[in-house]
**Q** 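Just dropping this structure here.
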Amino acid sequence: MKKLYILPMFCCLFTISLWSQNSDTKKADRHFDRFEYVDAIDAYEKLIRKGKANSYVYRQLAIANYKTSNFEESEQFFKRYLRNNRNAPAEDYYTYSQTLLSNQKTEDYKKAMLDFSEKAPGDSRAKAFLENPNYLEDLKSMTPRFELNPLSLNSEYSDFGAYEYGGKLYFLSTRNETRKTYGWNKQPSLDIFVADNVGGTFKNSKEIEGEINTKFHEGSVAITNDGSTIYFTRNDYLNGNYRKDDDGVNHLKIYKATLVNGSFQDIEDLPFNDVSFSNANPALSPDETKLYFSSDRPGGYGASDLYMVQIKEDGSFGEPRNLGPAVNTERRENFPFIDQENTLYFSSDGHLGLGGLDVYYAKVDSGSFLPPQNLGSPLNSNADDFAFTYNGNIEKGYVSSNRTEKKKGKVIDNIYRANLVHPLEQTSLLVEVVDAKTEKFIENAQVIFYDEDQNEFSRNRTNASGVSKNFLPTDQKFDLQVNMSDYESQSISLRIPETQMLIRVALEQELSETEAELLILQERIFFEYDDATIRPEAALELDKLILILKENPELNIKVISHTDERGSKAYNMELSQRRAENTVNYLVETGIDSTRLSSEGKGKSEPVNSCDSGCSEAEHEENRRSEFEVVE
C-alpha cells in the first residue's frame with residue numbers, strides 16, 4: 001500500500017496474544033513484528049496448509065491482510081477467528097467492522113459495530129455509532145462537494161501526498177526502483193518527487209534537489225511562504241545514523257531543511273522528536289506560527305493523534321499540544337492540512353466514515369476546533385482516502401486514495417485533483433410530508449430543490465416515515481417543491497440555515513370529479529345592493545373555484561345569478577344578468593376557457609329568503625348572489 005507504511009508505528013493497533021504463539025508461528029511472527037506483512041501472510045498461510053492453524057493464526061492473517069488492504073481476505077480470516085472467540089478484544093471487532101465497511105457489507109458492518117459497542121460502551125467510536133447507526137445513509141445522500149480526476153503523473157507504483165507550491169507539485173512515490181523494497185507491501189522505499197506545471201498538467205517528475213531523499217522512507221512535506229524552508233517526514237535517520245528504540249523499532253521524525261542555491265540542505269532534527277515514538281505529516285498554519293503534525297507519542301487518545309506546536313519568532317518551538325478529543329479518537333488521525341481560513345483537514349478511521357481512512361474538516365471557533373465533518377463522496381470512498389491539501393482561493397485541491405474500480409484489482413495509491421463544485425458548508429434539511437387531512441406520513445413523495453436560477457439542485461423521495469433527508473449549501477436560497485400522485489403539489493421558498501432544520505409539508509388530496517362537483521355546488525358569492533361588481537371577498541371564493549376547475553378540466557359550469565326582491569322585475573333581470581356575466585368574466589380573466597362557462601340571470605324569481613313580510617339587510621344580501629351548477 002500506502003501512507004500506512006510511512007507511519008508504521010501508527011498502525012500498531014493490536015496487542016499480540018502471546019498465549020497462542022508457539023514454535024510453529026515463530027517465523028511468521030518475526031515477519032509480522034517487522035511489518036513485513038506480505039511475507040507474514042505467506043508464512044501463516046503455509047501453516048494452514050500444514051494443518052497447524054489456530055485462532056491466533058487466523059487473527060494474524062486477518063490483521064496482516066487488513067494492513068495491506070486485502071479486505072476480502074481479511075474479512076474471511078476475521079470470521080474464522082471470531083467464530084470461536086466471542087471474548088475477543090473489542091478492538092478486533094472494530095477492525096473487523098472496518099473490513100466489512102470497506103467491502104460494502106453495510107448490515108454486517110452494523111452488527112459488528114454493535115458487538116464492538118457492547119464490548120466498549122465508553123469508546124467515542126461506539127458512542128458516535130449508537131447515536132446515529134444509519135449515518136451511512138446521511139453520508140451517501142450528501143451533495144457531492146468535489147469532482148475528482150486522477151493525475152496523469154500517477155505510476156504503477158504508489159504515488160500520494162500531493163502538495164502544490166510555486167507552480168510545482170511535490171509528492172511522494174515508490175517509483176525509484178533502485179531503492180530497497182519495503183516488507184510491508186514489497187514496494188521500494190518512498191522518496192519526495194517534484195513535477196513541473198506544463199500548460200496546466202504536471203509533468204517531468206524528478207526527485208527533489210538536495211540532501212532530503214535517502215535509502216529510507218521520506219514522507220509528506222510543508223514549505224514556508226518564502227520557499228526558504230521545507231519540513232518533511234523521514235525515518236529516524238540523520239548524518240548516517242539510523243536509530244532504533246529499546247525494542248529495536250525505528251520511528252519517524254519531522255525534519256527541516258533550508259534552500260541553498262536551488263536545493264534543500266542543512267537538515268535539522270526538530271527538538272520535539274524522540275527516538276521512542278513517531279512524529280510525521282507536518283502542516284503549517286497560514287501565518288507560519290504553528291506547525292501541525294501527527295504522532296503516536298505517549299498521552300494521546302489513540303493509535304495516532306493530531307498535535308500543534310508553536311513556532312516562535314526566533315525560530316524555536318514550544319511544547320506540542322494535543323488537539324483534543326473533538327478531533328482525535330481511539331484510532332488513527334493523520335495527514336493534517338490547514339487552509340487560508342484556518343480550517344483543519346485530516347484523515348481518520350476513527351470518526352464515522354465510508355470505509356478505511358476518510359477525509360474530514362473542522363472549523364475553528366473561539367480558538368478550538370469544532371467537531372469534524374466528513375467530506376462525503378466522491379472525495380471519500382470505501383477505500384483509504386487521505387493526504388488532502390486544498391487552496392480555497394482557486395477552489396482546488398488534491399487527495400490521495402487507494403480505491404480501485406476492479407474487484408481484487410491492484411491496490412496502490414494514486415493522486416486525484418479535487419475541484420470544488422459545491423460549498424463545503426452544508427446543512428441537513430429534513431422534509432416531513434403528511435396528508436393534510438389525516439396527518440398520516442406519505443411515503444415516496446418526491447422532494448425537489450431548485451436553486452435561485454430555477455435549476456434543479458437535488459431530487460429525493462420520502463421514506464416510510466414520510467421523511468426525506470437532504471444536504472444543501474448553508475445560507476443559500478432554494479425553492480422546495482413536493483409532489484405526490486393523487487395530491488396537490490406544494491412549493492416553499494427558503495434560505496438554508498446553519499443548523500439542521502425540519503420542514504413539515506401537508507399535502508391536500510386532489511379532488512375526484514364527484515368531490516369537485518359537490519364543492520362547486522356549495523360555492524356562492526354575494527353582491528352589494530344595486531351593484532354587479534365582484535367584491536374582494538367574492539374574488540377569494542372565486543379563486544378557490546378556479547383551482548377546482550383547473551384541476552378538473554373535464555368539468556363545465558353554469559353561473560346563475562340573482563337579486564333581492566326590491567325593484568322592478570325587468571330591472572332585476574337585467575342586473576342579475578350583469579352579475580352572471582361579471583362572474584364569468586372574472587373566471588375567464590384568470591385562465592378558465594370561456595367554452596367551459598355559461599351564465600344565466602334569474603332576477604328576483606328564486607330568492608333564498610322570502611321577503612313578503614319584510615327582510616333584514618342580511619337576508620336581502622343572501623338573495624343577491626351568484627351560484628354555480630355543473631353542466632354536461
Side-chain angles (χ1 to χ4, degrees), residues 436-437 481 483 485-493 506-632:
K437 186 176 293 185
Q481 181 174 311
N483 305 318
S485 58
D486 299 326
Y487 285 88
E488 298 176 9
S489 297
Q490 190 171 138
S491 297
I492 301 171
S493 295
L507 296 183
E508 298 278 356
Q509 289 193 14
E510 289 183 344
L511 299 177
S512 67
E513 185 174 344
T514 301
E515 290 172 324
E517 288 183 14
L518 290 172
L519 280 177
I520 288 172
L521 293 174
Q522 294 172 9
E523 292 291 338
R524 169 179 300 188
I525 64 172
F526 301 97
F527 297 86
E528 296 290 350
Y529 174 68
D530 194 22
D531 194 351
T533 304
I534 303 297
R535 300 192 303 184
E537 55 267 35
L540 291 175
E541 295 301 315
L542 289 177
D543 289 342
K544 296 177 184 177
L545 177 62
I546 289 166
L547 287 176
I548 296 172
L549 292 174
K550 287 183 175 180
E551 292 168 2
N552 298 272
E554 70 286 353
L555 291 179
N556 301 321
I557 66 167
K558 183 178 183 179
V559 180
I560 305 172
S561 298
H562 308 266
T563 67
D564 61 28
E565 296 185 2
R566 293 173 292 188
S568 69
K569 181 177 180 181
Y571 179 79
N572 279 324
M573 184 61 71
E574 184 271 333
L575 177 60
S576 66
Q577 189 60 46
R578 282 193 288 124
R579 287 174 174 170
E581 290 172 358
N582 285 350
T583 304
V584 168
N585 289 337
Y586 185 92
L587 298 175
V588 171
E589 289 170 1
T590 49
I592 304 302
D593 189 339
S594 62
T595 61
R596 299 173 59 192
L597 307 171
S598 59
S599 65
E600 181 182 0
K602 294 237 177 168
K604 60 179 182 179
S605 61
E606 295 181 4
V608 173
N609 301 309
S610 175
C611 296
D612 292 343
S613 301
C615 277
S616 66
E617 186 55 40
E619 290 172 325
H620 280 307
E621 182 181 18
E622 288 179 352
N623 288 336
R624 301 191 301 265
R625 69 198 188 280
S626 281
E627 298 173 323
F628 307 94
E629 178 181 296
V630 176
V631 296
E632 293 296 329

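A quick note: this is a predicted structure, and the numbers were derived from the prediction, not measured. Along the sequence shown, residues are numbered consecutively beginning with 1.
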**Q** Quick one: OG1 on Thr590 to CG on Asp543, what's the gap to the nearest 0.5 Å?
**A** 7.0 Å
**Q** For the pair Gln509 and Lys437, evaluate side chain to side chain contact (heavy atoms under 4.5 Å, CB included) and give the outcome as yes or no after the intermediate values.
**A** CA-CA 8 Å; Gln509 289 193 14; Lys437 186 176 293 185; over 6 Å; no
**Q** Between Arg524 and Glu621, does at least one N-O distance fall below 4.0 Å, as a salt bridge requires?
**A** no
**Q** Is there any salt bridge (Lys or Arg N to Asp or Glu O under 4.0 Å) pair reaching into residues 587-600, and which pairs are they, with sequence neighbours excluded?
**A** Lys558-Glu600
**Q** Using the disulfide (SG to SG under 2.5 Å) rule, collect all pairs that involve residues 525-592, keeping only residues at least two apart or in two chains.
**A** none
**Q** Please report the closest heavy-atom contact between Phe526 and Ala538, naming both atoms and the distance.
**A** O-CB, 4.2 Å
**Q** The criterion is side chain to side chain contact (heavy atoms under 4.5 Å, CB included); which residues satisfy it with Glu537, sequence neighbours excluded?
**A** Arg535
**Q** Carefully, step by step, assess Leu545 and Ile592 under the rule side chain to side chain contact (heavy atoms under 4.5 Å, CB included).
**A** CA-CA 10 Å; Leu545 177 62; Ile592 304 302; over 6 Å; no
**Q** According to salt bridge (Lys or Arg N to Asp or Glu O under 4.0 Å), does anything in residues 570-587 pair up with another residue at least two apart or in another chain? List the pairs.
**A** Glu574-Arg578
**Q** Could you check Asn582 against Thr533 for side chain to side chain contact (heavy atoms under 4.5 Å, CB included), going step by step and ending with a plain yes or no?
**A** CA-CA 7 Å; Asn582 285 350; Thr533 304; 5.7 Å; no
**Q** If you compare all heavy atoms of Asp531 against all heavy atoms of Phe527, which two are closest, and at what distance to 0.1 Å?
**A** O-CB, 3.6 Å
**Q** For Gly603 and Ser576, which heavy atoms make the closest approach, and how far apart are they?
**A** N-OG, 2.8 Å
**Q** Suppose we screen for side-chain hydrogen bond (donor to acceptor under 3.5 Å, both in side chains). Which residues come up paired with Tyr571, at least two apart in sequence or across chains?
**A** Asp530
**Q** What residues form a side chain to side chain contact (heavy atoms under 4.5 Å, CB included) with Leu547, not counting sequence neighbours?
**A** none
**Q** Which heavy-atom pair separates Tyr529 from Arg624 by the least distance, and what is that distance?
**A** N-NE, 3.4 Å
**Q** Can you tell me how far the OG atom of Ser594 sits from the CG atom of Asn585, to the nearest 0.5 Å?
**A** 9.5 Å
**Q** Any chance you could measure Phe628, atom CZ, to Leu555, atom CG, to the nearest 0.5 Å?
**A** 13.5 Å
**Q** Among Val588, Asn556, Val559, exactly one meets side chain to side chain contact (heavy atoms under 4.5 Å, CB included) together with Leu597. Which residue is that?
**A** Val588
**Q** Check side chain to side chain contact (heavy atoms under 4.5 Å, CB included) between Ser485 and all other residues, then give those that pass, not counting sequence neighbours.
**A** none
**Q** CZ/Arg625 to CD1/Ile525 distance, rounded to the nearest 0.5 angstrom?
**A** 11.5 Å
**Q** Do side-chain atoms of Gln490 reach the backbone of Leu507 as a donor and acceptor pair under 3.5 angstrom?
**A** no
**Q** Which residues pass the side-chain hydrogen bond (donor to acceptor under 3.5 Å, both in side chains) test with Thr583, sequence neighbours left out?
**A** Ser626
**Q** Does any pair with a residue in residues 594-632 pass disulfide (SG to SG under 2.5 Å), and if so which ones, sequence neighbours excluded?
**A** Cys611-Cys615
**Q** Indicate yes or no for a side-chain donor-acceptor contact from Asn572 to the backbone of Thr563 under 3.5 Å, with no hydrogens or angles considered.
**A** no
**Q** Which residues pass the side-chain hydrogen bond (donor to acceptor under 3.5 Å, both in side chains) test with Lys604, sequence neighbours left out?
**A** none
**Q** Work out which heavy atom in Asn623 is nearest to a heavy atom in His562; give both atom names and the distance.
**A** O-CB, 3.4 Å
**Q** To the nearest 0.5 Å, how far apart are CE in Met573 and CG in Leu575?
**A** 11.0 Å
**Q** For Ser616, enumerate each residue passing the side-chain hydrogen bond (donor to acceptor under 3.5 Å, both in side chains) test, keeping only those at least two apart in sequence or located in another chain.
**A** Glu619
**Q** Would you compute the distance between atom CG of Leu542 and atom OH of Tyr586 and round it to the nearest 0.5 angstrom?
**A** 6.0 Å
**Q** So, using side chain to side chain contact (heavy atoms under 4.5 Å, CB included) as the criterion, who are the partners of Ser605 when residues are at least two apart?
**A** Lys602
**Q** Mind listing the closest non-hydrogen atom pair of Ser598 and Val584 along with its distance?
**A** O-CG2, 3.9 Å
